[in-house]
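Taking it in order: structure first as structure tokens, then the write-up.
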Protein chains: 2
Amino acid sequence: MIDQGMAIPRPYHHGNLRAALLQAAEKALEAGGIQQISLRELSRELGVSHTSPRRHFADKQALLDALAVSGFERFEAALSRATRRKDHSFKTRLTRLGQAYVDFALKHPLLFALMFEAKHRPDAPRELQQAADKAFGHGPATMAEGQASGEVVRGDPARLALGAFSALQGLITISTKGKFKGVDLDTLAREIIDRMITGLQPRK
Amino acid sequence: MIDQGMAIPRPYHHGNLRAALLQAAEKALEAGGIQQISLRELSRELGVSHTSPRRHFADKQALLDALAVSGFERFEAALSRATRRKDHSFKTRLTRLGQAYVDFALKHPLLFALMFEAKHRPDAPRELQQAADKAFGHGPATMAEGQASGEVVRGDPARLALGAFSALQGLITISTKGKFKGVDLDTLAREIIDRMITGLQPRK
DNA sequence: ACCTGAACACCGTTCAAGT
DNA sequence: ACCTGAACACCGTTCAAGT
């Protein structure tokens, strides 16, 4: 027998509305673009009044910013997973880092675009810039490790990482539908990473 | 004496409404972001009814797409100007091309973002992709010239150009407010171009 | 604290009508 | 052809009120 007081999941409006809104917003984003996200529509889907989101987000932009923060956090987690294994060689680690970068962008294309769009807003919250900085910190960290083991040239690791990430980021932005002239972005990224690794080798 | 029938410029609604809408939309875009563009507000500014834009653009997205096309056309013109002088060396020409790329992005940041956002839409019009392709054709052309004069390694010039443009495009997307850790994007771009030129030199 | 409905000032888009 | 006002179905945001 089912105890009504326990088993029936009271819909939302019980503490997880914020998370539910973010999840629904991301679904709407990936389904039809940023323009598709409507606070009223999200509220309808979740069965709450259209003023409820106000409790968790000051306005629509605040929800989009929170979505961007969530994106950067998961992006950071993906990059972290890619470089977790400390027994890999530098070459393997940088390759895995680059692949994780491109994989994330291809898996969540509209979220990825939103993340950078939000980050570029003049009045973007500090939290957003910090989340982005944390994700982009994995590049310099990996470069520094490569330098420590003598596999990477000297120089500011942040600058070296910027060069590497820029090449991948640009590829993602320029290529349409994950391809450039029929060649898969994965393949192009792999080529860029390989060339990058060669370029980073210290001259003997 | 002034002939009323000739000298008084009848405001808009006389053939140039389309151009006037695009201009006003771009002004609104650079002022406050894409969300700031409202067909009704643009119409108010231009002194026409709010249904007049319909004559020139099927819907709001069509206006945004046209704005993106206009952006790619001016981007192409800027890249064309940068490589017009055929007496420059390959090194100078590629440097000027890269600088023109970054200059345009920094001068029209929101338009530049809109251009790529529009290009990535699944149902983007053919015209938009063509305008983008024309702009991005300057890279391969310059690479091919470098190969002809023996200053650039062999290989598909489109692939070589993609690598170069990707690095610049990524720099633009990753850096915030035209800077990365306090260093100007111009300077970073110059470094990337120089490294690129070195990397493209044929091995003797 | 958290949620509600009503109200306000906007939208984009459609349509029948004017010149 | 080009433009118009009225109407429709939405928005985001605010506010006084409920529990």
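Side chains included, hydrogens not; waters and symmetry mates left out as well; all remaining heavy atoms used.
DNA chain D lies under 4.0 Å from at least one heavy atom of each of the following residues of residues 30-38 of chain A: A:Ile37, A:Ser38.
Among the heavy atoms of the strands lying under 4.0 Å from B:Arg44 are primed sugar atoms or P, OP1, OP2 only; no base atom is included.
A:Asp194 pairs by the salt bridge (Lys or Arg N to Asp or Glu O under 4.0 Å) definition with A:Arg190, not counting sequence neighbours. For B:Arg126, there are no salt bridge (Lys or Arg N to Asp or Glu O under 4.0 Å) partners at least two apart in sequence or on another chain. By the salt bridge (Lys or Arg N to Asp or Glu O under 4.0 Å) test, A:Lys86 pairs with A:Glu145, sequence neighbours left out. Remark: B:Lys179 pairs with B:Asp184 by the salt bridge (Lys or Arg N to Asp or Glu O under 4.0 Å) rule, at least two apart or across chains.
Atom CG in B:Leu46 sits roughly 11 Å away from atom P in D:dC3 (whole-Å rounding). Protein atom CD of A:Gln61 is 16 Å distant from nucleotide atom C1' of D:dC11, rounded to whole Å. The CG atom of A:Leu17 sits 10 Å away from the P atom of C:dC2 (whole-angstrom rounding). The distance between atom CG of B:Leu64 and atom C1' of C:dG12, rounded to the nearest whole Å, is 12 Å. Between A:Leu21 atom CG and C:dC2 atom C1' there is a gap of 13 Å when expressed in whole angstrom units. Note: CG (A:Leu42) to P (D:dG12) measures 8 Å, nearest angstrom. One can place CD of B:Glu41 at 11 Å from C1' of C:dC10, the figure rounded to the nearest angstrom.
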Close N/O contacts between protein and nucleotides 14-17 of chain C (under 3.5 Å):
residue, atom, partner, partner atom, Å
C:dT14, OP2, B:Arg54, NH1, 2.9

Sequence neighbours left out, cut at 3.5 Å: what donor-acceptor pairs do the side chains of residues 95-106 of chain B make with other protein atoms?
residue, atom, partner, partner atom, Å
B:Thr95, OG1, B:Lys91, O, 2.7
B:Arg96, NE, B:Ala82, O, 2.9
B:Tyr101, OH, B:Gln169, OE1, 2.7

Anything under 3.5 Å between a donor and an acceptor, one on a side chain of residues 110-119 of chain A, the other on a protein residue two or more places apart or in another chain? List them.
residue, atom, partner, partner atom, Å
A:Lys119, NZ, B:Ile174, O, 2.9
A:Lys119, NZ, B:Thr176, OG1, 2.7

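Of the side-chain N and O atoms in A:Ser52, none sit less than 4.0 angstrom from OP1 or OP2 of C:dC2.
Residue order along DNA chain D, read from the 5' end via each residue's closest nucleotide, puts B:Arg40 first among A:Arg40 and B:Arg40.
Among residue pairs with one or both ends in residues 29-48 of chain B, none qualify as ring-ring contact (aromatic ring centres under 6.0 Å, His included); sequence neighbours excluded. Evaluation of the ring-ring contact (aromatic ring centres under 6.0 Å, His included) test over residues 177-198 of chain B, restricted to residues two or more places apart or in two chains, returns none. Evaluation of the salt bridge (Lys or Arg N to Asp or Glu O under 4.0 Å) test over residues 67-79 of chain A, restricted to residues two or more places apart or in two chains, returns A:Glu26-A:Arg74.
You'll find the side chain of A:Leu94 reaches within 4.5 Å of the side chain of A:Met143, heavy atoms only.
Taking every heavy atom of both residues into account, B:Ala167 and B:Ile192 meet most closely at CB-CG2, 3.7 Å.
Comparing C:dT4, D:dG12, C:dC3 by their closest approach to the side chain of A:Val48 singles out C:dT4.
In DNA chain C, runs of at least 3 consecutive Watson-Crick or G-U pairs, each pair with both distances below 3.5 Å, span C:4-8 with D:12-16, C:12-16 with D:4-8.
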